[in-house]
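Below you'll find the structure, written out as structure tokens, and then a few comments.
First listed ligand is number 1; within each ligand, the first listed atom is number 1.
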Amino acid sequence: MKVRKAVIPAAGWGTRFLPATRAFPKELLSLVNKPVIQYAVEEALASGIGQIIVVISPFTNAIRDYFRPHPELAALLRSRGNGELADEMERLDRMADIIYVVQPERRGLGHAVLMAKEVVGMEPFAVILPDDVIDAREPALAQMLRVFDSRQAGVVAVENIDRSEIGRYGVVRTETVAPRLHRVLSLVEKPEPAKAPSRLGIVGRYILTPQIFEVVESIPPGSGGEIQLTDALSVLLKRQGLYALEFDGRRFDTGSPPGWIEAQAAFGMKNQDYGEALREKLRQLTSYE
Ligand code: UTP
């Protein structure tokens, strides 16, 4: 079956970014000139997925407002002769068929994904965590969809994580079946670093079968008292198998200030107009105190 839908959970507290995230979700923090959630929507579209389901919190409508068409803005820009930016605004107006579902309480990622159950229905779907922005020649999700097409089982994106940070991730024990592709044998959420089964940590891209919903409904809260997607994956892998892909690309964790700043620098330096100048300024900054 083809994957046609992507769920983007964006209802978290964003505590690592407080106080900035008191009034708006971290998914709207800008990476250069676009909110990080837009990179997630664009990755889904570039991977051939046109139906986007965004999970939002009941406390703010800011994400919905951002993607709402603003035809008057494009008209204004055009009347001022700024056709290029007007085109960009119109592209955003048409961007995607976005459906919003509300997560009434922040009970964890597994619970956030569960909120999309009715809209997803009985078909496989993708999950994109928008704070993990991946810069890749071929979108990471598209790479994973190829694995799903050939294996017809769930796929998670994994990356080699430094041992000092492995305790913050879901970690997989695997057997390798092809270059950069592994069959998952077991997984554990936020292991003690010394007990981590490998250095392969799950990052924010998943392709899941709809059976995940009934599993999430049946599991108790796990690490941190939250309903963890990783715990549901542990159950699902025993029933249907699960693959882990070391995708080709570079991931930035924009959900915390250091990762976000690193991403700003990396994406800024790629800018055609001011990238070179910025690179030089950043070089000078290395001796700034
Ligand atoms: P994070 O683990 O980054 O959690 O969630 P968080 O609460 O947003 O941020 P911190 O750790 O407090 O700083 C990963 C993704 O899952 C969403 C978040 O919005 C983010 O995109 N999420 C998390 C939900 O939608 N609902 C939840 O209950 C938890």
Side-chain angles (χ1 to χ4, degrees), residues 6-31 34-44 52-64 66-67 98-117 119-120 125-134 140-141 156-159 161 165-171 189-191 201-206 208 212-213 216-217 219-233 251-263:
V7 175
I8 303 182
W13 283 117
T15 53
R16 284 168 295 161
F17 242 110
L18 281 169
T21 45
R22 274 168 73 96
F24 66 92
K26 68 175 174 188
E27 289 77 8
L28 284 182
L29 283 164
S30 176
L31 175 48
K34 282 193 297 196
V36 293
I37 192 168
Q38 188 170 330
Y39 291 85
V41 173
E42 287 175 350
E43 183 177 330
I52 315 281
I53 301 148
V54 178
V55 185
I56 52 173
S57 97
F59 306 113
T60 165
N61 260 324
I63 294 176
R64 218 193 273 255
Y66 178 77
F67 285 110
I98 300 183
I99 294 174
Y100 296 92
V101 294
V102 172
Q103 183 187 23
E105 284 174 276
R106 283 148 162 153
R107 293 178 57 197
L109 178 58
H111 184 256
V113 171
L114 180 61
M115 298 300 104
K117 178 182 172 183
V119 188
V120 168
F125 64 103
V127 175
I128 304 180
L129 304 192
D131 41 2
D132 272 342
V133 176
I134 298 178
L141 200 58
V156 294
V158 292
E159 193 177 80
I161 306 290
E165 292 184 10
I166 198 83
R168 295 200 291 111
Y169 289 80
V171 182
E189 180 66 24
K190 300 190 174 60
I202 301 176
V203 302
R205 301 290 181 279
Y206 309 76
L208 302 172
I212 194 80
F213 294 123
V216 170
E217 281 169 325
I219 56 169
S223 167
E226 296 192 338
I227 298 182
Q228 298 287 354
L229 189 59
T230 316
D231 293 343
L233 288 173
R251 177 188 66 108
F252 297 91
D253 174 9
T254 67
S256 68
W260 182 75
I261 293 164
E262 186 191 359

* Before signing off on this row, confirm whether Ala11 and ligand 1 have an N or O atom pair separated by under 3.5 Å. => yes
* Asked: So Glu217 and Lys117, salt bridge (Lys or Arg N to Asp or Glu O under 4.0 Å) or not? Walk me through it.
  -> CA-CA 11 Å; Glu217 281 169 325; Lys117 178 182 172 183; 3.1 Å; yes
* Looking only at protein heavy atoms, which one is nearest to atom 29 (C) of ligand 1, and how far off is it? -> Gly108 C, 3.8 Å
* Asked: Is there side-chain contact between Val216 and Ile212, with at least one heavy-atom pair below 4.5 Å?
  -> yes
* To the nearest 0.1 Å, how far is atom 16 (O) of ligand 1 from its closest protein heavy atom, and which atom is that? -> Leu109 CD1, 3.6 Å
* To do: Check each heavy atom of Ile8 against ligand 1 and say whether those closer than 4.0 Å belong to the side chain, the backbone, both or neither.
  => neither
* **Residue and atom name of the nearest protein heavy atom (relative to atom 13 (O) of ligand 1), distance in Å to one decimal** => Arg16 N, 2.8 Å
* Is there a side-chain contact between Tyr206 and Leu129 (heavy atoms, below 4.5 Å)? -> yes
* Can you tell me which residue and heavy atom of the protein come closest to atom 12 (O) of ligand 1, and the distance to 0.1 Å? -> Thr15 OG1, 2.5 Å
* To do: State whether Asp253 and Arg16 are salt-bridged, where the test is any N-O pair (Lys NZ or Arg NE/NH1/NH2 against Asp/Glu carboxylate O) under 4.0 Å.
  => yes
* To do: For Ala112, check side chain to side chain contact (heavy atoms under 4.5 Å, CB included) against everything at least two apart and list the hits.
  => Pro9, Val55, Gln103
* **Ligand-side contact atoms (ligand 1) for residue partner Ala112, heavy atom cut-off under 4.0 Å** => 24 (C), 25 (O), 26 (N)
* Distance from atom 15 (C) of ligand 1 to nearest protein heavy atom, with residue and atom -> Leu129 CD2, 4.2 Å
* **Glu105 near ligand 1 by a heavy-atom separation under 4.0 Å** => no
* **Check: Glu189 side chain, Gly222 main-chain N or O, donor-acceptor pair, under 3.5 Å** => no
* Numbering as shown, the atoms of ligand 1 that approach Pro130 to under 4.0 Å (heavy-atom distance) -> 21 (O)
* **For ligand 1, the portion of Pro9 having any non-hydrogen atom under 4.0 Å away** => both
* Taking all atoms of both residues into account, what is the closest heavy-atom pair of Glu27 and Ile63, and its distance? -> CB-CD1, 4.2 Å
* Asked: Taking 4.0 angstrom as the limit, do Arg205 and Asp132 come out as a salt bridge?
  -> no
* Taking the six-membered ring where the residue is Trp, are the ring centres of Tyr66 and Phe24 under 6.0 Å apart? -> no
* To do: Provide the number and element of each atom of ligand 1 under 4.0 Å from a heavy atom of Arg106.
  => 28 (O)
* Name the closest protein heavy atom to atom 7 (O) of ligand 1, giving the residue it belongs to and the distance to 0.1 Å. => Trp13 N, 3.1 Å
* Structure fact -> of all protein heavy atoms, closest to atom 1 (P) of ligand 1 is Lys26 NZ, 3.8 Å
* Structure fact -> atom 23 (C) of ligand 1: closest protein heavy atom, distance to 0.1 Å, is Gly12 CA, 3.9 Å
* **Sidechain N-carboxylate O distance under 4.0 Å for Glu42, Lys34** => yes
* Between Glu159 and Tyr169, a side-chain donor and acceptor under 3.5 Å -> no
* Test item, His111 contacting ligand 1 (heavy atom, 4.0 angstrom) -> no
* To do: Report yes or no: does a heavy atom of Val55 sit under 4.0 Å from some atom of ligand 1?
  => no
* Asked: Taking only heavy atoms of Glu27, which atoms of ligand 1 are found under 4.0 Å from at least one of them?
  -> 18 (C), 19 (O), 20 (C), 21 (O)
* Asked: Going by the atom numbers of ligand 1, which of them fall below 4.0 Å from some non-hydrogen atom of Gln103?
  -> 24 (C), 25 (O), 26 (N), 27 (C), 28 (O)
* For the pair Trp260 and Phe17, name the ring-plane relationship: parallel under 30°, tilted 30 to 60°, perpendicular over 60°. => perpendicular
